[in-house]
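Scope of the values below: all heavy atoms of this structure, side chains included, with no hydrogens, waters or symmetry mates. Both ligands and their constituent atoms are indexed starting at 1 by order of listing.
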Amino acid sequence: MGIRAGIVGISGFGGGEALRLIAAHPAFDLVYAAGEGSAGSRLVDRYPGVPARLAGLVIEKWDPDTLPELDLLFASLPTGTSAEALARVPPQVKIVDLGGDHRHVEGWTYGLADVWPDRISGQSRIANPGCFPAATLTALAPLLSGGLIAPDRIVIDAKTGISGAGRGGADTRFGYAETNENLQPYGLLRHVHMPEMAHTIEALSGGSAAGLVFTPHLVPMTRGVLVTIYCRGQASTDQCLTAAREFYADRPFVRVTDRPPQTKWASGSNLAFVSYAADPERDLVIAMGVVDNLGKGAAGHAVQNANLICGLPETAGLDGAPVWP
Ligand SMILES: NC(=O)C1=CN([C@@H]2O[C@H](COP(=O)(O)OP(=O)(O)OC[C@H]3O[C@@H](n4cnc5c(N)ncnc54)[C@H](OP(=O)(O)O)[C@@H]3O)[C@@H](O)[C@H]2O)C=CC1
Ligand SMILES: CC(=O)N[C@@H](CCC(=O)OP(=O)(O)O)C(=O)O
């Protein structure tokens with residue numbers, strides 16, 4: 001028996017991707033699946049392609065007081081619904097929370113794994129970053145920590161695939177007819193990821209993120225996040241690329257590319273792609289970041305964090321190539 005793992009929220013997009021990764025993981029054994037509306041169904045009923053050894057596992061009604069013996073729990077619940085229940089999970093069960101309830105919350109470590117793995121190893125309560133922060137902060141970290149851009153004048157323009165909204169919402173904005181061949185800005189001025197990004201920009205730079213602007217757009221694709229980030233700074237393109245290559249020199253999941261990254265490059269993987277274009281004469285640095293919102297944006301990052309807190313190789317179960325095309 002390996003490390004006994006559970007997933008609550010397994011019927012959702014984030015939980016389903018965690019299932020896919022854990023089913024192929026060399027050290028995690030899935031012994032517990034939970035949810036609400038899906039409780040009582042077998043995994044094979046929800047996921048006809050699940051490996052045979054997991055097919056009969058029955059999804060239980062989520063109740064932290066009736067957990068089986070577990071070493072590790074992935075929580076993929078709607079943000080705003082998990083805090084009270086996760087507080088009742090026994091302390092010996094390590095938790096990686098894919099939702100937004102514990103980011104920068106006391107007692108939880110913000111799991112920005114590619115940037116600060118040493119802060120994560122040895123912890124037992126990890127708050128996984130949101131999908132937009134994962135793409136944005138991975139692209140900005142080398143520039144902020146190297147003092148190459150001003151932290152207080154950052155403008156983030158983001159594009160996301162529809163699966164970023166989860167499968168649960170009854171909101172018709174996410175139906176096929178509403179999203180196909182359509183582009184929608186949303187969350188203007190006050191998107192829920194603003195505080196998480198501002199906090200981390202300040203932690204990485206030591207300066208204020210007061211002028212942060214962030215506008216996400218829904219685009220008609222299933223997976224993927226692309227952020228194009230406009231910053232003020234005097235660095236050249238080469239200086240930005242060199243800073244990023246040095247910053248991520250021994251990190252397995254971040255690829256620094258000369259050409260602008262594309263969402264398909266990361267699809268189905270835990271990779272993040274970053275690139276830069278800068279014009280010192282215009283005091284302009286453009287940083288770009290790409291992730292799969294369900295990979296580095298959610299379940300891939302969660303498995304990477306779980307590997308770190310379980311003392312496993314960081315890449316365990318995550319070294320497959322992306323899906324192409
Ligand atoms: N989708 C994405 O790209 C990303 C999502 N996240 C975050 O991950 C979390 C999950 O998102 P996502 O998978 O997309 O959402 P979905 O709507 O696809 O799934 C939500 C899941 O939560 C379960 N659930 C809802 N209410 C309860 C409850 N009261 N008790 C137990 N289970 C419950 C549902 O189970 P059931 O069907 O059984 O009711 C379902 O499995 C959210 O916090 C989201 O913000 C983070 C980064 C990216
Ligand atoms: C398309 C879409 O709706 N995307 C979600 C981001 C998903 C995510 O990262 O959610 P959490 O921060 O709650 O974990 C959004 O903009 O809120």
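A heavy-atom separation below 4.0 Å is not found between T81 and ligand 1.
Of all atoms in ligand 2, numbered sequentially from 1 with element shown, those under 4.0 Å from a heavy atom of L98 are 14 (O). Each of the following atoms of ligand 2 lies closer than 4.0 Å to a heavy atom of G130: 9 (O). Each of the atoms 16 (O) of ligand 2 lies under 4.0 Å from some heavy atom of F132. Atoms of ligand 1 lying under 4.0 Å from at least one heavy atom of W62, given by number and element, are 30 (N), 31 (C). Contact atoms of ligand 2 toward L218: 1 (C) (distance under 4.0 Å to a heavy atom of the residue). Taking every non-hydrogen atom of A298 and a distance limit under 4.0 Å, the qualifying atoms of ligand 1 come out as 47 (C), 48 (C). Listed by atom number, the atoms of ligand 1 under 4.0 Å from G297 heavy atoms are 47 (C), 48 (C). The atoms of ligand 1 that sit less than 4.0 Å from any heavy atom of G35 are 31 (C), 32 (N), 38 (O).
Nearest-heavy-atom check against atom 20 (C) of ligand 1 across S76, A302, S82, G166 picks out S76. Proximity annotation for atom 27 (C) of ligand 1: of H301, E36, K296, E60, E36 comes nearest, heavy atoms only. Of the listed residues (T160, L77, I10), the one carrying the non-hydrogen atom nearest atom 43 (O) of ligand 1 is L77. Of the candidates T79, V225, I59, L294, the one placing a heavy atom closest to atom 45 (O) of ligand 1 is T79. In the candidate list S41, P78, A165, A75, P78 is nearest to atom 24 (N) of ligand 1, counting heavy atoms. Between the choices I162, L98, V8, the shortest heavy-atom distance to atom 8 (O) of ligand 1 belongs to L98.
Checked by distance only, ligand 1 and N293 come closer than 3.5 Å through their nitrogen or oxygen atoms. The shortest N or O to N or O distance between T160 and ligand 2 is not under 3.5 Å. Taking any N or O of R167, backbone or side chain, at least one lies under 3.5 Å from an N or O belonging to ligand 1. In terms of polar-atom proximity, defined here as any N/O pair under 3.5 Å, C131 does make such a contact with ligand 2. The shortest N/O to N/O separation between G164 and ligand 2 falls below 3.5 Å. The shortest N or O to N or O distance between G37 and ligand 1 is under 3.5 Å. When only interatomic distances are considered, the shortest N/O to N/O separation between G9 and ligand 1 falls below 3.5 Å. Not one N or O of A39 is nearer than 3.5 Å to an N or O of ligand 1, by distance alone. Where the criterion is an N or O separation shorter than 3.5 Å, residue side chain and backbone included, G130 fails it with respect to ligand 1. For ligand 1, the polar-atom distance check against G14 finds a nitrogen or oxygen pair separated by under 3.5 Å. Ligand 2 has a nitrogen or oxygen under 3.5 angstrom from a nitrogen or oxygen of Y186.
The existence of a salt bridge linking R223 and E17 is confirmed by a sub-4.0 Å separation between a basic side-chain nitrogen and an acidic carboxylate oxygen. Looking at K264 and D292, no side-chain N of the basic residue comes within less than 4.0 Å of a carboxylate O on the acidic one, giving no salt bridge. For D101 and R103, the salt-bridge test fails: no basic side-chain N is under 4.0 Å from an acidic carboxylate O.
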From CA spacing to verdict: side-chain contact (heavy atoms from CB on, under 4.5 Å), L204, L140: CA-CA 9 Å; L204 288 166; L140 289 182; 5.9 Å; no
Evaluation steps, side-chain contact (heavy atoms from CB on, under 4.5 Å), between K61 and E36: CA-CA 6 Å; K61 189 158 174 62; E36 176 71 12; 3.0 Å; yes
Candidate pair H102 and D97, rule side chain to side chain donor-acceptor pair (under 3.5 Å), full reasoning: CA-CA 7 Å; H102 296 100; D97 182 5; 2.7 Å; yes
Verdict with supporting geometry, R4 and D29, salt bridge (charged side-chain N to carboxylate O under 4.0 Å, His left out): CA-CA 5 Å; R4 291 162 299 197; D29 289 330; over 6 Å; no
Derivation and outcome, side-chain contact (heavy atoms from CB on, under 4.5 Å), residues F247 and S145: CA-CA 9 Å; F247 191 89; S145 57; 3.3 Å; yes
side-chain contact (heavy atoms from CB on, under 4.5 Å) evaluation trace for R88 with D65: CA-CA 7 Å; R88 288 192 280 131; D65 298 328; 2.5 Å; yes
Full working for salt bridge (charged side-chain N to carboxylate O under 4.0 Å, His left out) between R245 and D258: CA-CA 11 Å; R245 289 196 167 108; D258 290 332; 3.1 Å; yes
Chi angles and distances behind the side chain to side chain donor-acceptor pair (under 3.5 Å) call for K94, Q123: CA-CA 8 Å; K94 298 179 170 75; Q123 302 298 322; over 6 Å; no
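What sits closest to atom 12 (O) of ligand 2 on the protein, heavy atoms only, is H193 NE2, 2.4 Å. Annotation: atom 13 (O) of ligand 2 to nearest protein heavy atom, T79 OG1, 2.8 Å. In terms of protein heavy atoms, atom 14 (O) of ligand 2 is closest to R103 NH2, 2.7 Å. Scanning the protein for heavy atoms near atom 15 (C) of ligand 2, the closest one is H191 NE2, 3.4 Å.
Residues Q304 and N270 bring a donor and an acceptor atom of their side chains to less than 3.5 Å of each other. Judged by distance alone, the side chains of Q239 and Y276 never bring a donor and an acceptor atom under 3.5 Å apart.
Around atom CD of Q262, more than 12 heavy atoms belonging to other residues, nucleotides or ligands sit under 6.0 Å away. By the neighbour-count criterion of 12 heavy atoms within 6.0 Å, atom CD of E281 is sparsely surrounded, having that number or fewer from other residues, nucleotides or ligands.
Here the straight-line distance linking atom CG of L21 with atom CG of L30 works out to 12.0 Å at 0.5 Å rounding.
Taking the six-membered ring for Trp and the full ring otherwise, F132 and H191 have centroids separated by under 6.0 Å.
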